[in-house]
Amino acid sequence: MQALISGKTLELVLGDITTQEADAIVNAANSGLRGGGGVDGAIHRAGGPEIMRECRRLGGCPTGSACATTAGRLKARIVIHAVGPIWSGGGAGEAALLESAYRRSLEVAAGKSLASIAFPSLSTGAYRYPLEDAARIAVVTVASHLKGETSINKVSFVLFSDSAFAAFSHALSRHAGQKDSQNE
Ligand code: ADP
C-alpha cells in the first residue's frame, strides 16, 4: 500500500526492517541505547558490533529524540535510534513524545540530505503503546514532514505483524480520506 504526499512516497511494507533498502533505517531504541529485544535486537544482530560501539560512545538519547550511528553491515547508510515513550496510560505526554521521536528521526535524515528512510512501528512492542493510536501519530507526523521542504522522497513503515500492517493501513486510508474531504 502506498500514498503520494506532495510528490513523495509513503509506503507500508509487511516484513523485517533489517532487510530493507533505505538510506536510513530507524531503530526502536531505549534511552540508554543499550540494545534489547524486538526490532532493536534484530538491528544489532544484522548490523554487527560496530553499531553498539557507537551507541556506547553516544551514551544515550533522550525519550522523544533520535540519534544516528553507522549502519554497520546493514545496507543502509545510517541507523537512526529513535526513542519512543513507554506507555503508561496516556497521561504522561506519551503522544507528544511519540510524535517527537518520529519527527526528530525525519529531521536527522533530512539533515544528512538522505532520500529514503524506513521506520518500524515505534513503541508498540515492549513499550505497549496502543497500536491504532500509534499508527495514526506515525502517519500524520510523516505526512506533515513530507508536505514541507525535505530531501526525503520516500518513507516506508516496515510492519512485522498483520495487526500492525492493518492498523497502519487504516491510519493511512483515514488520513487520505480526510485530505480528500478537505479538498472538496
Ligand atoms: P518498543 O520497545 O519501542 O515497543 P519493540 O521492538 O518491542 O519496540 O517493538 C516495536 C515494533 O517492532 C513491534 O510492532 C514489533 O512487532 C516490531 N518488530 C520486531 N522486530 C522487527 C523487525 N525485525 N522488523 C520490523 N519490525 C519489528
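In listed order, ligands and their atoms are each counted from 1. As a basis for the values below, the full set of heavy atoms in this structure was taken, side chains included, without hydrogen atoms, waters or symmetry mates. Source: prediction; values computed, not measured.
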Using heavy atoms and a cut-off under 4.0 Å, could you grab the residues that are in contact with ligand 1, chain by chain, numbers ascending? Gly15, Asp16, Ile17, Ala28, Gly38, Val39, Ala42, Ser121, Ser123, Thr124, Gly125, Ala126, Tyr127, Val158, Phe160
Side chains of Phe160 and Pro120 in contact at under 4.5 Å (non-hydrogen atoms): no
Can you find a heavy atom in the side chain of Ser116 that is under 4.5 Å from one in the side chain of Lys8? no
Taking salt bridge (Lys or Arg N to Asp or Glu O under 4.0 Å) as the test, write out the residues that go with Glu21, two or more places apart. Lys75
May I ask you to test the Val155-Leu106 pair for a side-chain heavy-atom distance under 4.5 Å? yes
Considering residues at least two apart in sequence or located in another chain, which fulfil the disulfide (SG to SG under 2.5 Å) criterion with Cys55? none
Using the side-chain contact (heavy atoms from CB on, under 4.5 Å) criterion, which residues pair with Ala96? Sequence neighbours excluded. none
